[in-house]
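Input: a single structure, listed below in C-alpha cells.
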Amino acid sequence: MVAKQSKYEQIRLSRMEENKKRMEALNLPLLSQSLRTTSPNPSPMKQSAPRPRVVKKEVVVVRRSSRVANKPSPVYAEVVVDRVMIPRRVSSGRSRDLSNRVYASDEARAEALEKAENLHANLETHYPSFVKSMLISHVTGGFWLGLPKSFCKMNLPKRDEVMTLIDEEGNEHPTIYLPRKTGLSGGWKGFAVNHNLADGDALIFQLIRPTAFKVYITRAKVNI
C-alpha cells in the first residue's frame with residue numbers, strides 16, 4: 001500500500017514539474033503576476049450614477065467701496081411725484097346735446113379759416129402764434145386738442161405744464177399741456193363748452209407768456 005502511494009506521488013510530482021516547465025516556456029507566470037497588479041477598468045454598465053450636485057447657500061456681506069465703507073447704509077424713502085392737475089370746477093348745470101351734432105360745410109370752414117388767417121397776419125409778430133381749425137373731436141366727445149408739433153418743440157415747455165388760455169374778454173382758463181402728445185388735455189373741455197366752440201370754427205393761439213395763450217375765435221356760419 002505504501003509502495004502504491006509512493007509511485008502515485010512520484011507520477012504527480014513528475015506531471016507538476018512538466019506543467020511548470022511548459023508554463024515557463026509560455027511566460028504564463030509573468031502574465032499572471034501582471035494581471036494581479038493591474039486593477040481592471042470597471043464596466044460602463046456597472047458604474048454608479050453620478051451623485052446630484054449639492055449647492056451650498058451662504059449669506060455673505062456685500063462689499064462696499066472703501067470711500068463709503070465706514071458710512072451708514074443709505075435709507076431709500078418713498079418719493080411722491082406731484083402730478084400736474086387742475087381743480088375741478090363746479091358744473092353750472094349746462095350740458096351739451098351731442099345727439100344733434102352740426103358739421104360745418106367746407107365753405108363755412110374755409111371762410112372761418114380765412115378770417116382767422118387775416119386776423120393772424122395783423123397780430124404782433126414778436127409773439128409766436130398759429131391758427132387751428134376746429135374738428136368734431138376737438139369740441140365734442142373726447143375734447144382733445146392737438147397742437148402743431150413744430151410750434152410745441154420750439155416754444156412750449158418740455159414737461160407737463162398748466163397752460164392758461166385767455167379769451168378776448170380777458171377770462172382765464174387753465175388747461176393741461178402734455179409735451180409727449182403735443183396737445184391740450186384736462187381743462188380744454190371747459191374752454192370749448194364755455195365758448196360754445198363748434199365744428200369749423202377757427203382759433204388763433206398767440207403765446208403771450210411761456211405758459212399762456214391769448215385765444216381769438218372766428219365762427220363758422222351754420223346753415224339751419
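- Atom CD of E169 sits about 7.0 Å away from atom NE2 of H195, to the nearest 0.5 Å.
- Between Q206 and E124, the closest heavy-atom pair is NE2-O, 3.8 Å.
- Taking NZ of K214 as the reference point, atom CG of L207 lies at 13.5 Å (rounded to 0.5 Å).
- The heavy-atom pair separating L178 from I176 by the smallest distance is CD2-CG2, 3.7 Å.
- A continuous path of Ile, Leu, Val, Met, Phe, Trp and Tyr side chains, each step under 4.5 Å between heavy atoms, connects L145 with V215, placing both in one hydrophobic cluster.
- Note that CZ of F130 and OG of S150 are 9.5 Å apart. Values are rounded to the nearest 0.5 Å.
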Requested in this report: Evaluate the salt bridge (charged side-chain N to carboxylate O under 4.0 Å, His left out) criterion for residues E18 and R15: first the C-alpha distance (whole Å), next the side-chain angles of each, then the deciding distance (0.1 Å), finally the verdict.
Outcome: CA-CA 5 Å; E18 291 178 359; R15 288 181 178 176; over 6 Å; no
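- Hydrophobic clustering keeps L135 apart from L203 (ILVMFWY residues linked when any side-chain heavy atoms are closer than 4.5 Å, directly or through intermediates).
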**Report entry** side chain to side chain contact (heavy atoms under 4.5 Å, CB included) evaluation trace for N196 with D201
**Finding:** CA-CA 10 Å; N196 292 314; D201 292 346; over 6 Å; no
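- Between N118 and T218 there is no side-chain heavy-atom pair separated by less than 4.5 Å.
- V131 and M163 fall into different hydrophobic clusters, where Ile, Leu, Val, Met, Phe, Trp and Tyr are joined by side-chain heavy atoms under 4.5 Å apart, directly or via other members.
- The shortest side-chain heavy-atom distance between S185 and T175 does not fall under the 4.5 Å cut-off.
- Across all non-hydrogen atoms, the minimal contact from K158 to K153 is NZ-O, 2.6 Å.
- Of the inter-residue distances, the one linking F213 atom CZ with L156 atom CG reads 4.5 Å to the nearest 0.5 angstrom.
- Shown here for P157 and P210, the closest heavy-atom pair between the two residues is CD-O, 4.1 Å.
- Here the rule is side-chain contact (heavy atoms from CB on, under 4.5 Å) with D199, and of H138, M134, R109 only R109 fits it.
- Connection of V162 to W144 is established within a shared hydrophobic cluster, with ILVMFWY side chains joined at heavy-atom distances below 4.5 Å, either directly or through further cluster members.
- There is a path of hydrophobic side-chain contacts, each under 4.5 Å, that joins Y177 to F191.
- Here the closest heavy-atom approach between residue A116 and residue A202 is recorded as CB-CB, 3.6 Å.
- Across A220 and A104, no two heavy atoms sit closer than the pair CB-CB, 4.5 Å.
- Contact of the R219 side chain with the L197 side chain is registered, since non-hydrogen atoms from C-beta on lie closer than 4.5 Å.
- Residues E111 and E107 are not in side-chain contact: their nearest non-hydrogen atoms beyond the backbone lie 4.5 Å or more apart.
- Taking NZ of K189 as the reference point, atom CG of N194 lies at 11.0 Å (rounded to 0.5 Å).
- Between the NE2 atom of H126 and the CG atom of L123 there is a distance of 10.5 Å, given to the nearest 0.5 Å.
- Formation of a donor-acceptor pair under 3.5 Å by the N171 side chain with backbone atoms of D167 is not found in this model.
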